[in-house]
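Take a look at the structure set out below.
Side chains are part of it too, since the values below use all heavy atoms of this structure and drop only hydrogens, waters and symmetry mates. Chain identifiers are assigned alphabetically (A, B, ...) following the order of the sequence lines, protein sequences preceding nucleic acid strands; residue numbering begins at 1 within each chain. Remember, it's a predicted structure, so these values are computed and weren't measured experimentally.
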Protein chains: 2
Amino acid sequence: MNARVLVVEDEADLIELLRYNLEAEGFAVDTAEDAEEAGVRIAEGRPDIILLDWMLPGTSGIEICRRLRAREETATVPIIMLTARGEEEERVRGLATGADDYVVKPFSLPELLARINALLRRSNPHLVATVLKAGDIEIDRTTHRVRRAGRELHLGPTEYRLLEYLMGHPGRVYSREQLLDGVWGTDVYVDDRTVDVHIGRLRKAINPGRSSDPIRTVRGAGYSFDEKFK
Amino acid sequence: MNARVLVVEDEADLIELLRYNLEAEGFAVDTAEDAEEAGVRIAEGRPDIILLDWMLPGTSGIEICRRLRAREETATVPIIMLTARGEEEERVRGLATGADDYVVKPFSLPELLARINALLRRSNPHLVATVLKAGDIEIDRTTHRVRRAGRELHLGPTEYRLLEYLMGHPGRVYSREQLLDGVWGTDVYVDDRTVDVHIGRLRKAINPGRSSDPIRTVRGAGYSFDEKFK
DNA sequence: GCTTCTATGACAATCGAATGACACTTGTGT
DNA sequence: ACACAAGTGTCATTCGATTGTCATAGAAGC
């Protein structure tokens, strides 16, 4: 069963972009351009998550958010605020109002998708794939457990996120910079080479004995989780 | 066998919300918009629990409640009153009338579900999972007793709820924030780290001697009750 | 062989969790 | 009303786990 996403946004371009990409990810997408329409869409069926533009003509996103939280039917629906740069200071206010997360425009699709999935995993785990598998490696995001050939492995937080990130798109090569952004976050300043060290630690952790290494080093480019890994 | 819930409520939105969520929880849901219809539904088959709106057009919820209590077929059916904010003062009158519990709108679904389950557990224990077991730990939600290897343990209220919550989904990792929401309630503002303290107290209470610890700390993520705990 | 890029062990700094102490509330029995 | 016991939320401290860098060794490319 696909998760239903309601996008409340007044920019037609952005709506189309989101609809296209979210549907490609398997979400059922509803859209609304203002508070009124949003109300109608919600009445038609409770969405599983709401993307809400901060600034909207008429009733502002923050006000909509407040109202959604006040109504019992929608009090627990996860909400992600879409805020424009420069409104970041409002962040605290936004979260205080009841939004569960926020992204700053212009945002990257992968980032938005990651946040949507993270929230859904928390509120409706059954809507999201919680287990990633490849070969004899298995990672369960609900229980935070990683197994290889059935045997449980212990990974530090960073190694865990790194593996999760790499396994998200097996075969795809990520540059060190991409890994830093995706795993460490865009706001931290860490040396590129640190990635090497953590890849090394991850390898040591997931390759006990002399099991084959699923992580491929691409000289001059970065790393990838081998899609053909068995 | 699923428990039958009768919802007596005149707001169509709320009815839909309740039907949707209660059915998702495995209840068989009947609805009625007024006293007359409620009578028909009850005649069709005795519900295991009734959710009753306080204010209804025509015969008020409180009056319906009184009548249900007067008839012997329905005298013992648990009733939860749905009251709007501001009617709280009426609480005592409501309970005196015979309702077993009440929730104030807007209520959170988890809270309502918890109360429904609590009442059913009292009236029809066989309809509800009453005992949670894992390894040699056993918690009886009817009596609020906790045993380890047959020996009874003493837990404070918060520790009890914490354990109950964690054991509800063994293996699942809950963040401190989730635990605060689920165990303390969404409206309390308590420091994240307080969870640590209570986890510590819970551990001390359920691990007498040097018995193994079923609670797993997931660094950077939260805690979980070990699903593989033996 | 020389250059460039990656792997790895060592290490100090930092972080997160566990724990004991303590002040405050709440509830109960007298 | 009062005293007492139980239960709670914060804090400061402690301690092991984790992290980011660096220096050095090892591979790969040309």
d([atom1], [X]; [atom2], [N]) in whole Å:
X	N	atom1	atom2	answer
B/His154	D/dA6	NE2	C1'	7 Å
A/Leu180	D/dT21	CG	C1'	14 Å
B/Leu202	D/dG9	CG	C1'	17 Å
A/Leu179	C/dT6	CG	P	12 Å
B/Arg161	D/dT8	CZ	C1'	11 Å
B/Leu162	D/dG9	CG	C1'	14 Å
A/Arg201	D/dG20	CZ	P	8 Å
A/His198	C/dT8	NE2	P	15 Å

Legend entry - OP1 or OP2 of D/dG7 under 4.0 Å from side-chain N/O of B/Thr158: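 For D/dG7, OP1/OP2 do not have a side-chain N/O of B/Thr158 under 4.0 Å.
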Legend entry - Phosphate-side-chain proximity, A/Trp184 and D/dG20, N/O vs OP1/OP2 below 4.0 Å: yes
Legend entry - Pair A/Arg203 + A/Asp213, salt bridge at N-O below 4.0 Å: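 Result for this pair is yes, salt bridge flagged.
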Legend entry - SB check B/Asp196 B/Arg176 (cutoff 4.0 Å): yes
Inset, instruction - Would you check if the side chain of B/Arg69 reaches a backbone N or O of B/Ala75 as a donor-acceptor pair within less than 3.5 Å? - result: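 Answer holds: yes.
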Legend entry - A/Phe225/A/Tyr165 aromatic ring centres below 6.0 Å: no
Inset, instruction - Identify the residue among A/Val146, A/Val131, A/Leu153 that makes a side-chain contact (heavy atoms from CB on, under 4.5 Å) with A/Ile139. - result: A/Val146
Inset, instruction - Taking only the side-chain heavy atoms of A/Val190 (C-beta and beyond), determine which of D/dT21, D/dT8, D/dT10 contains the nearest atom. - result: D/dT21
Under 3.5 Å, which N/O atoms of the protein pair with N/O atoms of nucleotides 14-20 of chain C?
| from | atom 1 | to | atom 2 | distance (Å) |
| --- | --- | --- | --- | --- |
| C/dG16 | O4' | B/Arg219 | NH1 | 3.3 |
| C/dG16 | O4' | B/Arg219 | NH2 | 3.4 |
| C/dA17 | OP1 | B/Arg176 | NH2 | 2.7 |
| C/dA17 | OP1 | B/Gly220 | N | 3.0 |
| C/dA17 | OP2 | B/Arg176 | NH2 | 2.7 |
| C/dA17 | OP2 | B/Arg193 | NH1 | 3.0 |
| C/dA17 | OP2 | B/Arg193 | NH2 | 2.7 |
| C/dA17 | O5' | B/Arg176 | NH2 | 3.4 |
| C/dA18 | OP1 | B/Arg203 | NH1 | 2.8 |
| C/dA18 | OP1 | B/Thr217 | OG1 | 2.6 |
| C/dA18 | OP2 | B/Tyr223 | OH | 2.6 |

Legend entry - Upstream residue (5' side of DNA chain D) when B/Glu159 and A/Glu159 are each assigned their closest nucleotide: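 It is B/Glu159, whose closest nucleotide lies nearer the 5' terminus.
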Legend entry - Along DNA chain D (nearest heavy atom to each residue), the more 5'-positioned of B/Tyr189 and B/Leu155: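 By nearest-heavy-atom nucleotide position, the 5'-most residue is B/Leu155.
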Inset, instruction - Assign the ring pair A/His198 / A/Trp184 to parallel, tilted or perpendicular, where the plane angle (0 to 90°) is split at 30° and 60°. - result: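 Taking A/Trp184 first and then A/His198, their aromatic rings stand perpendicular (interplane angle over 60°).
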Inset, instruction - Determine, stepwise, if the pair B/Arg151 / B/Asp136 fulfils salt bridge (charged side-chain N to carboxylate O under 4.0 Å, His left out). - result: CA-CA 10 Å; B/Arg151 182 164 309 287; B/Asp136 60 354; over 6 Å; no
